[in-house]
Amino acid sequence: MRIFKKDLRLQDITILYFTALAALTVILVASYQAPSNAVGLQLAWNVSFAQQEVYMQLRVAELKHGVVLGMSDRGELTNADLVVLWDTGSRSYFGDAWSDGKGRISLDRQQDYELIEAKQKADGFYLTFKRPFSTCDPRDYLIQEGTVHVIYGLLDRPLSSLEELDLSKIQTGVQRVLMLRPDTPSPTLPPDVQTLDVLAPNVIIPTQETTYWCFIHQLPENIPKNHIIMYESVITPGNEAIVHHIEVFECSPEMRDVPRYSGSCDDKMKPKKLNSCRHVLAAWAMGAEAFYYPPDAGLAMGGPGSSRFLRLEVHYHNPLLISGRRDSSGIRLHYTPSLRRYDAGIMELGLVYTPIMAIPPKQPIFYLTGYCTSKCTQAALPPGGIYIFASQLHTHLAGRGVRTVLVREGVELEVVQDDQHFSAEYQVNAGVCVNLQGDVLITKCTYNTEDRSKPTVGGFGIMEEMCVNYIHYYPRTQLELCKSHVDPGFLQKYFNFINRFNGNDQCVCGEVGVTEQFSQLHWDGFTVEVLDSLYNTAPISMHCNQSIARLFPVSQNSASYPFNSRCKLL
């Protein structure tokens, strides 16, 4: 996790509601530690899945009068579950606390953080404690799979009582982590590994909030087949807050020549051949770490049937409209000529990028769902199915949660990935293990638009929305994208109905674009409820796309495949 700092003279620590703990006998099966930050605090933890407990050790480089550590839904200081160490000037205390909706701090009646040790060492003050994943206390944070927002603060003066603590007046911060993720060491790369940097060519970032920049990178002629076994981002120093996400696509092998291009992906004058560059080689978003392939699989690059041309796509988010900033960010591919057993692939699930799917304004919770139907998976996947080994979720700023499940014959069999505290600033890859055959994949996204006065439509802009799960799998197929949106004709019926219900007989349905039609609606509870009902009940339009941007010939006849293989973690 993270680290802060301070110097405190601890006398005898009075442990509030402390239960003595004997020697640790549980097997700690997972651990994770994040790098230190400038504040001088470090949190490391071990997880016991057998006991459903997290053991935490907080090191404070220079402790003065106390420290606060906590968890909250989005990293807020309000409605947070806290553990606090503080002193009154003569005595020090440790306790389980919480903050209300106004940020006022109180000791929790149910003390679920259990102090194990408090000790001053040469390199700082160490505080070791534990708590269960779930405490059954409504004021406590439920530690789950997915993102955990950890908040922290340092006390620089004594407190006569904990109620004096005002988090808004001390130095605080937030760190996002996957607390329950097993901490597996990074694989050792083979000695014959080589690297290829696919980078933006010293681009001057446009002075606008959202830009998608495209650049064509050309591989050497007659490059033999290699396997990409790891990739990582290369971000120009100083641009970490502007580079939102990056993708590298391979162009269609049918395109013998792709024009060299560097410019906006939305430019109407860009070469049309760029639209045939859709096979994903790498995808990175803010917060993501280096991505490693399992020992039996790698992503093919080069060789017969491949393309010499790659398309880099960088999403710049420049809300401050900074001008003159140059960027050479991109992706570093690590590849080897020593081929592995399987070619891996990447597939997009969720919703098509379209304004047809929209979120009403002022909504604390609103759901959108994208489908990958069995008709698509049966048409595109091999009889033995595919194995999903990693998943990366993606939304823009209104996204609060993403969940993908696998459904077979109407029964939910597997949760592919679930993060109900999702953050657009922390979009990491998570390891999964799922066997997908002729099944349905449902991706459901949760949004919050309480701070928006206008509807949020689907699209590429940062203030528009997405609902995506990039799944990594093997063996590779030609299925690149399996997404949906609601049937446009039924959406037009919705506009017509709502306008007539509100006494507007001059409906412009179909005469203007969908975005404009959404903006003209009066967003009361009824309008929102009917739209939600439409999205949940109306027919959908499926996009079952090959990497060459063509639709698979989806059969209308259902089929089933035997579940004859077991997925194993690699």
Side-chain angles (χ1 to χ4, degrees), residues 1-2 4 6 8-21 39 41 43 45 51-60 63-120 125-144 148-175 179 421:
M1 198 108 65
R2 211 58 138 172
F4 327 38
K6 299 223 163 184
L8 178 123
R9 303 168 301 281
L10 286 181
Q11 288 93 13
D12 298 329
I13 291 184
T14 300
I15 305 168
L16 304 181
Y17 310 103
F18 174 64
T19 302
L21 180 69
V39 195
L41 252 122
L43 179 67
W45 65 91
Q51 299 296 325
Q52 295 283 288
E53 290 179 325
V54 180
Y55 292 77
M56 305 182 192
Q57 184 177 79
L58 183 65
R59 182 180 72 85
V60 187
L63 190 62
K64 290 185 178 178
H65 294 285
V67 62
V68 180
L69 189 78
M71 293 171 280
S72 63
D73 182 49
R74 305 288 304 166
E76 312 94 333
L77 300 178
T78 56
N79 298 311
D81 178 10
L82 306 169
V83 59
V84 187
L85 176 70
W86 78 100
D87 77 40
T88 63
S90 61
R91 181 166 245 181
S92 298
Y93 296 87
F94 173 91
D96 183 350
W98 60 284
S99 64
D100 64 15
K102 295 183 179 180
R104 294 174 297 210
I105 312 296
S106 303
L107 273 177
D108 204 331
R109 293 179 182 177
Q110 179 177 314
Q111 292 286 299
D112 294 300
Y113 286 95
E114 185 174 319
L115 181 61
I116 298 171
E117 183 182 56
K119 190 172 185 179
Q120 182 69 49
F125 182 83
Y126 284 79
L127 191 67
T128 306
F129 51 93
K130 71 170 185 172
R131 65 150 283 185
F133 296 173
S134 174
T135 66
C136 297
D137 183 342
R139 291 180 177 140
D140 283 352
Y141 184 92
L142 175 63
I143 300 176
Q144 301 172 285
V148 176
H149 291 72
V150 178
I151 59 176
Y152 55 85
L154 298 162
L155 308 185
D156 56 7
R157 66 177 182 85
L159 302 173
S160 59
S161 70
L162 189 60
E163 286 69 23
E164 289 184 16
L165 177 57
D166 186 343
L167 294 178
S168 66
K169 294 183 179 179
I170 66 172
Q171 184 177 9
T172 60
V174 61
Q175 171 72 17
M179 189 166 282
H421 298 278

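D100 has its side chain out of reach of T78: every pair of non-hydrogen atoms, C-beta onward, lies at least 4.5 Å apart. M56 is listed as a side-chain neighbour of M179, based on a closest heavy-atom distance under 4.5 Å. Within the 4.5 Å cutoff, the side chain of W98 has no heavy atoms near those of the L107 side chain.
Closest approach of Q57 and T128 over heavy atoms only: NE2-OG1, 3.3 Å. Here the closest heavy-atom approach between residue D81 and residue D140 is recorded as OD1-OD1, 3.4 Å. The two atoms that bring G89 and P158 nearest to each other are N-CB, 3.8 Å, heavy atoms only. Nearest heavy-atom pair across S161 and W86 is C-NE1, 4.4 Å. In terms of heavy-atom proximity, L69 sits nearest to V150 at CD1-CG1, 3.8 Å.
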Check against side chain to side chain donor-acceptor pair (under 3.5 Å), D87 and S92: CA-CA 4 Å; D87 77 40; S92 298; 4.6 Å; no
Apply side-chain contact (heavy atoms from CB on, under 4.5 Å) to residues Y93 and L159 and explain how you reach the verdict. CA-CA 10 Å; Y93 296 87; L159 302 173; over 6 Å; no
Check the pair N79, D73 against side-chain contact (heavy atoms from CB on, under 4.5 Å), reporting the backbone distance first and the verdict last. CA-CA 8 Å; N79 298 311; D73 182 49; over 6 Å; no
With side-chain contact (heavy atoms from CB on, under 4.5 Å) as the test, would you mind laying out the steps for H421 and Y141 before giving the verdict? CA-CA 11 Å; H421 298 278; Y141 184 92; 3.3 Å; yes
What's the verdict on side-chain contact (heavy atoms from CB on, under 4.5 Å) for F94 and V84, showing C-alpha distance, side-chain angles and the deciding distance? CA-CA 6 Å; F94 173 91; V84 187; over 6 Å; no
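From S99, atom OG reaches atom CG of L167 across 6.0 Å, with rounding to the nearest 0.5 Å. In this structure, CD on Q120 lies 11.5 Å from CG on L127, to the nearest 0.5 angstrom. Residue L77 holds its CG atom at 7.5 Å from OG of S72, rounded to the nearest 0.5 Å. Note that the CH2 atom of W45 and the CG atom of L58 stand 11.5 Å from one another [nearest 0.5 Å]. D137 contributes atom CG, which lies 4.5 Å from atom CG of D108 (distance to the nearest 0.5 angstrom). To the nearest 0.5 Å, the span separating CE on M71 from CG on L142 amounts to 9.5 Å.
Side-chain atoms of Q110 come within 3.5 Å of backbone atoms of T135 as a donor-acceptor pair (strictly under, hydrogens ignored).
A salt bridge does not link D96 to R131: none of the charged side-chain nitrogens sits closer than 4.0 Å to a carboxylate oxygen.
Counted by atom type alone, E53 and Y55 present one or more donor-acceptor pairs between their side chains at under 3.5 Å.
Taking the six-membered ring where the residue is Trp, Y113 and F129 present perpendicular rings, their angle passing 60° and hence far from 30°.
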